[in-house]
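Residue numbers count from 1 along this sequence. When reading the values below, keep in mind they use all heavy atoms of this one structure, side chains included, and skip hydrogens, waters and symmetry mates.
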Amino acid sequence: NQRTMLRRNWKEDAAPPGLVDGFQQDLRRARRAGDLGELLGAEGQAAARYFSAFAGMLSRGPDQSLAFDFTTRNRRPPADPVNALLSFAYTLLARSWTVVLTAVGFDAYRGFYHQPRYGRPALALDMMESFRPLIADSSVLQAINNGEVRPTDFISAAGSVALTADGRKRFIAAFERRL
């Protein structure tokens, strides 16, 4: 799904050479994984590849500069507006999966891929993995590229970035439309 997101939403002339082939290698490596460690390694490599090209899906402003600059994925705390939106979107998606799984009688805290840890809905995190690009990442791209969330909708303090109340409302609306 990350590969598909990049192919569909790339804003520049052409994707970096080898990007799609790299995803194919990651898929083969994941299929051959003999244990959880190997699978996590393949997933981590694919995620690094995806986020290294993520900025190519962001629209440029009228002056041809990126209104939202993105270089790498970071969290706890997010250091820039794009990472703040991604983290918030992943939190909303995990919450949605936790509610759904609990409603149908599953224990959202007992996962397979994500290891159980106190307060961590491991099964919800397992289930949301394939939906991250489809729902969360596409909501972030839509909100930024359509101007629903603007650079002025963020507060920076102590090396972290957070959405303002108005920015949060507009982003939640974009997320719910996508959901």
Side-chain angles (χ1 to χ4, degrees), residues 1-16 19 23 43-44 46-102 108 114 117 119-122 124-179:
N1 288 336
Q2 291 174 336
R3 180 184 62 191
T4 302
M5 281 290 293
L6 286 166
R7 290 164 105 180
R8 288 183 181 166
N9 295 293
W10 194 257
K11 299 291 182 195
E12 298 173 10
D13 293 336
L19 185 63
F23 278 113
E43 187 270 338
R49 189 180 315 281
Y50 174 67
F51 286 115
S52 72
F54 194 84
M57 296 186 287
L58 298 171
S59 292
R60 298 198 175 271
D63 62 353
Q64 292 303 309
S65 66
L66 278 174
F68 286 88
D69 192 23
F70 181 86
T71 53
T72 187
R73 178 77 176 112
N74 58 61
R75 54 197 179 106
R76 295 188 189 128
D80 59 76
V82 176
N83 278 296
L85 286 172
L86 287 168
S87 293
F88 188 48
Y90 295 158
T91 300
L92 292 173
L93 187 57
R95 180 187 172 279
S96 297
W97 270 108
T98 302
V99 169
V100 168
L101 290 167
T102 303
H114 290 85
R117 209 165 47 201
R120 181 183 188 191
L125 296 173
D126 287 348
M127 297 299 294
M128 73 178 252
E129 280 298 328
S130 58
F131 292 92
R132 279 182 191 235
L134 301 174
I135 296 173
D137 297 353
S138 65
S139 296
V140 170
L141 292 172
Q142 179 182 0
I144 291 172
N145 292 344
N146 292 343
E148 295 176 68
V149 176
R150 298 175 292 279
T152 56
D153 290 324
F154 295 88
I155 300 169
S156 296
S160 68
V161 175
L163 274 165
T164 63
D166 287 340
R168 216 172 16 254
K169 286 178 193 174
R170 286 194 305 280
F171 181 73
I172 290 171
F175 180 87
E176 288 180 348
R177 278 193 316 273
R178 183 68 183 154
L179 189 62

Asks: Keeping N1 on the side-chain end and P133 on the backbone end, is there a donor-acceptor pair under 3.5 Å?
Replies: no

Asks: For the CG atom of L86 and the CZ atom of F51, what is their distance to the nearest 0.5 Å?
Replies: 5.5 Å

Asks: Could you grab the distance from atom CH2 of W97 to atom CE of M128, nearest 0.5 Å is fine?
Replies: 10.5 Å

Asks: So, for L125 and A94, which heavy atoms are closest and what is the spacing to 0.1 Å?
Replies: CD2-CB, 4.1 Å

Asks: Quick one: salt bridge (charged side-chain N to carboxylate O under 4.0 Å, His left out) pairs with a partner in residues 150-165, sequence neighbours left out?
Replies: D153-R170

Asks: Where is the tightest heavy-atom contact between V82 and I144, given as atom of each residue plus distance?
Replies: CG2-CD1, 4.0 Å

Asks: Would you please test F175 and V140 for side-chain contact (heavy atoms from CB on, under 4.5 Å) and show each step?
Replies: CA-CA 8 Å; F175 180 87; V140 170; over 6 Å; no

Asks: What closest approach, in Å, do R73 and S87 show between heavy atoms, and which atom pair accounts for it?
Replies: NH2-OG, 3.2 Å

Asks: Scan for side-chain hydrogen bond (donor to acceptor under 3.5 Å, both in side chains) pairs involving residues 133-144, sequence neighbours excluded, and state none if there are none.
Replies: Y50-D137, Y90-D137, S138-R178

Asks: Can you list the residues that meet the side chain to side chain contact (heavy atoms under 4.5 Å, CB included) rule with A46, with sequence neighbours excluded?
Replies: Q2, F23, D26

Asks: Which residues pass the side chain to side chain contact (heavy atoms under 4.5 Å, CB included) test with I172, sequence neighbours left out?
Replies: F88, L92, R168, E176

Asks: State, to 0.1 Å, how close A124 and T98 come at their nearest heavy-atom pair, and which atoms those are.
Replies: CB-OG1, 3.3 Å

Asks: Write out all pairs satisfying salt bridge (charged side-chain N to carboxylate O under 4.0 Å, His left out) with one or both partners inside residues 76-96, taking only residues at least two apart or from two chains.
Replies: none

Asks: V161 and A84: which non-hydrogen atoms are nearest, and at how many Å?
Replies: O-CB, 3.6 Å

Asks: When you measure from the side chain of T102 to the backbone N and O of V99, does any donor-acceptor pair fall under 3.5 Å?
Replies: no

Asks: Once you round to the nearest 0.5 Å, how far does CG of L163 lie from CZ of F171?
Replies: 7.5 Å

Asks: For residues 139-159, which residue pairs pass the ring pair (Phe, Tyr, Trp, His ring centres under 6.0 Å) check, not counting sequence neighbours?
Replies: F68-F154

Asks: Could you check if a side-chain atom of M5 sits within less than 4.5 angstrom of a side-chain atom of L141, using non-hydrogen atoms only?
Replies: yes

Asks: Okay, side chain of N83, backbone of P77: is any donor-acceptor separation there less than 3.5 Å?
Replies: no

